[in-house]
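Sequential numbering from 1 along the given sequence is applied to the chain's residues. No hydrogens, no waters, no symmetry mates; every other heavy atom, side chains included, goes into these values.
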Amino acid sequence: MSAKVIVACGSGVATSQTVASKVARLLKEAKVDADVEAVDLKSVDRHLTGAAAYITIVRENKQRTVPVINGIAFLTGMGQDAELAKLIEAIKAANGS
């Protein structure tokens with residue numbers, strides 16, 4: 001079963017879809033199996049159940065039960081490699097490998 005990764009921005013439309021597509025492509029290139037799902041901020045809590053990681057595009061001060069990845073890095077490219085490495089680690093940990 002592939003790991004679930006949640007991506008959220010304010011509306012769950014444009015930005016999160018862009019980041020989700022890019023992350024899915026980067027994970028595929030890294031041969032990491034994951035389902036990347038874009039959602040709106042209001043429904044994040046519901047979607048985080050069973051997720052390996054949460055990629056956020058907005059600043060939140062809320063504690064999460066899953067690793068939180070900086071989604072801005074995937075938009076700008078700055079710090080993207082470090083955030084991708086954190087994401088891959090989170091997915092591997094969730095898969096128990």
Report task. Could you pull out all residues at least two apart from K4 that satisfy side chain to side chain donor-acceptor pair (under 3.5 Å)? Result -> none

Query - Shortest non-hydrogen contact between L41 and Y54, atoms and distance - result: CD1-OH, 3.5 Å

Report task. Please tell me if the side chains of V5 and I55 come closer than 4.5 Å, counting only heavy atoms from C-beta onward. Result -> yes

Query - Over all atoms of both residues, closest heavy-atom pair of A3 and A52 - result: CB-CB, 3.8 Å

Report summary line: Tightest non-hydrogen contact, residues V7 and S16, listed as CG1-O, 3.6 Å

Report task. Examine V19 and V44 and state if one hydrophobic cluster contains both, with Ile, Leu, Val, Met, Phe, Trp and Tyr joined whenever side-chain heavy atoms are less than 4.5 Å apart. Result -> no

Query raised in the report: Can you name the closest pair of heavy atoms from I91 and D33 and give their distance?
Result: CG2-O, 4.1 Å

**Report entry** For the student: nearest non-hydrogen atoms of V66 and A51, plus distance
**Finding:** CG1-O, 3.3 Å

Query raised in the report: Can you tell me how far the CG atom of L75 sits from the NZ atom of K22, to the nearest 0.5 Å?
Result: 7.5 Å

Requested in this report: Kindly indicate, with the supporting measurements, whether the criterion side-chain contact (heavy atoms from CB on, under 4.5 Å) is fulfilled by V39 and E37.
Outcome: CA-CA 6 Å; V39 302; E37 208 176 309; 4.1 Å; yes

Query raised in the report: Same cluster for I69 and V58 if Ile/Leu/Val/Met/Phe/Trp/Tyr side chains link at under 4.5 Å?
Result: no

**Report entry** CA sep, side-chain torsions, deciding dist, call: E83, K86, salt bridge (charged side-chain N to carboxylate O under 4.0 Å, His left out)
**Finding:** CA-CA 5 Å; E83 293 302 311; K86 278 175 28 185; 3.4 Å; yes

Query raised in the report: With a cutoff of under 4.5 Å between side-chain heavy atoms, which Ile, Leu, Val, Met, Phe, Trp and Tyr residues group with M78?
Result: none

Query raised in the report: Can you tell me how far CD1 of I72 sits from OG1 of T56, rounded to the nearest 0.5 angstrom?
Result: 8.0 Å

Requested in this report: Would you list the pairs meeting salt bridge (Lys or Arg N to Asp or Glu O under 4.0 Å) in which at least one residue belongs to residues 43-52, sequence neighbours left out?
Outcome: D45-K62, D45-R64

Report task. Check step by step if side-chain contact (heavy atoms from CB on, under 4.5 Å) holds for L27 and L87. Result -> CA-CA 9 Å; L27 289 173; L87 176 60; 4.1 Å; yes

Requested in this report: Kindly compute the distance separating CZ (F74) from CD1 (I57), expressed to the nearest 0.5 Å.
Outcome: 10.0 Å

